[in-house]
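Have a look at the structure below before the remarks.
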2 protein chains.
Amino acid sequence: MPVRTAAKRRQEAKIAYDAFLAECPSRQLLDTLSDKWVTLVLNALADGSQRHSELARRIAGVSQKMLTQTLRSLERDGLIARSVTLAVPVRVDYELTRLGADLERQMRGLKHWAEAHMPDILAARVKYDAQG
Amino acid sequence: MPVRTAAKRRQEAKIAYDAFLAECPSRQLLDTLSDKWVTLVLNALADGSQRHSELARRIAGVSQKMLTQTLRSLERDGLIARSVTLAVPVRVDYELTRLGADLERQMRGLKHWAEAHMPDILAARVKYDAQG
DNA sequence: CGGGATCCCTGCTGATACTG
DNA sequence: CAGTATCAGCAGGGATCCCG
């Protein structure tokens, strides 16, 4: 019955690992940021308050489902603020909170790095693909 | 036949969007980083050269498939270097390249931000869930 | 106009087993 | 020990329809 040990150990490792992830702040943040649209929305809102439809047009390619979903999650995390103006057609605006703006600023650092070093990475890929 | 326009426009928008993404350096980098394991590997290798099996044990939870896959993609991007030592059992070591180490340093900035502000985010969530 | 609810499908991920 | 190949399961994301 030594068969179980291997699988069992993996199971335990995985559980421990998941627990670890759940408590790792940087990992959690990364999970948030890794969402395909989060950074785009953050970036778009860096220019100031915007409406749902404005964002939809600006980001072009989001289904409104994902946009709504993304906005919800950002709102939940306190990164953006949602303000509703009751009128004939309801008007909803979104804007970065302090925290959100702060995060956006951090992201810009990464963005700069990316713009500076992406050529290197692309070059490496070409080289690798050409048979490294 | 006005029915087609809407769907068609979305199609075009999506194509344009994809093209945009393909050229956006920061987006590309983000796609790489958003990979579940990339940052963990980067982080692990920050402590110096390590073997495949060492990484597997250290990261605990990766299937070796994903580990290999991740290592390959990082190697392709020129972020890590792979060195093979032929011996009785083959020995393979991985280490960060200059570029990789540089990126890892950048990531640490984000990590610090995460550690500093994650409590705020968590608090926001609790508040939101408790009915915001 | 903003957004909730459903359905469906793609593709990522992991488990397993095999080669060198 | 390092790596590849195959298969199956499931979640993420999109399209569509409908409500306030």
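Residue numbering restarts at 1 for every chain, and letters A, B, ... go by the order of the sequence lines.
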Task: Most 5' of A/Val84 and B/Asp35 on DNA chain C, judged by nearest nucleotide - done: A/Val84

- [ ] May I have the distance from B/Asp93 (atom CG) to D/dA2 (atom C1'), rounded to whole angstrom?
- [x] 12 Å

Open item on the list: Between A/Asp47 and A/Arg58 (salt bridge meaning N to carboxylate O under 4.0 Å), is one present in this structure?
Closed with: yes

Open item on the list: Less than 4.5 Å apart, side chain to side chain, heavy atoms only: is that true for A/Val84 and A/Arg91?
Closed with: no

- [ ] Answer yes or no: does a side-chain N or O of B/Ser53 lie under 4.0 Å from OP1 or OP2 of D/dA2?
- [x] yes

Task: Whole-Å distance separating the CG atom of A/Asp31 from the P atom of D/dA11 - done: 16 Å

Task: Spacing between A/Leu55 atom CG and C/dG2 atom P, to the nearest angstrom - done: 10 Å

Open item on the list: Taking the basic N atoms (NZ, or NE/NH1/NH2) and the acidic carboxylate oxygens, is any pair closer than 4.0 Å for A/Lys127 and A/Asp129?
Closed with: no

Task: Nearest-nucleotide comparison on DNA chain C, the residue closer to the 5′ end among A/Thr68 and A/Pro89 - done: A/Pro89

Task: Nearest to side-chain heavy atoms of A/Ser63, which nucleotide of D/dG14, C/dG14, C/dG2 - done: D/dG14

Open item on the list: Which is more 5' along DNA chain D, the nucleotide nearest B/Lys65 or the one nearest B/Glu54? Just name the residue.
Closed with: B/Glu54

Open item on the list: How many whole angstroms separate atom CG of B/Leu67 from atom C1' of D/dA2?
Closed with: 10 Å

Task: No-H, no-angle donor-acceptor pair, B/Gln64 side chain to D/dT4 base, under 3.5 Å - done: yes

Task: Distance, rounded to the nearest Å, where A/Gln69 contributes CD and D/dG14 contributes C1' - done: 11 Å

Open item on the list: Rounded to whole Å, how long is the line connecting atom CH2 of B/Trp37 with atom P of C/dC12?
Closed with: 16 Å

- [ ] Check every atom of D/dA15, C/dG2, C/dG14 against the side chain of B/Lys36 and return the nucleotide holding the closest atom.
- [x] C/dG14

Open item on the list: Could you tell me how far apart B/His52 (NE2) and C/dG20 (P) are, to the nearest whole angstrom?
Closed with: 18 Å

TODO: Tell me, yes or no, whether the heavy-atom count around B/Arg72 atom CZ, taken from other residues, nucleotides or ligands under 6.0 Å, exceeds 12.
DONE: yes

TODO: Pick base, sugar-phosphate or nothing for B/Arg51, based on heavy-atom distances below 4.0 Å to the nucleic acid.
DONE: sugar-phosphate

TODO: Side chain of A/Arg72 only, please: which of D/dG13, C/dG4, C/dA15 is the nearest?
DONE: C/dG4

Task: Rounded distance (Å) that lies between atom C1' of C/dA15 and atom CE of B/Met66 - done: 13 Å

Open item on the list: Regarding A/Thr39 and B/Arg27, do their side chains bring together a donor and an acceptor under 3.5 Å, going by distance alone?
Closed with: yes

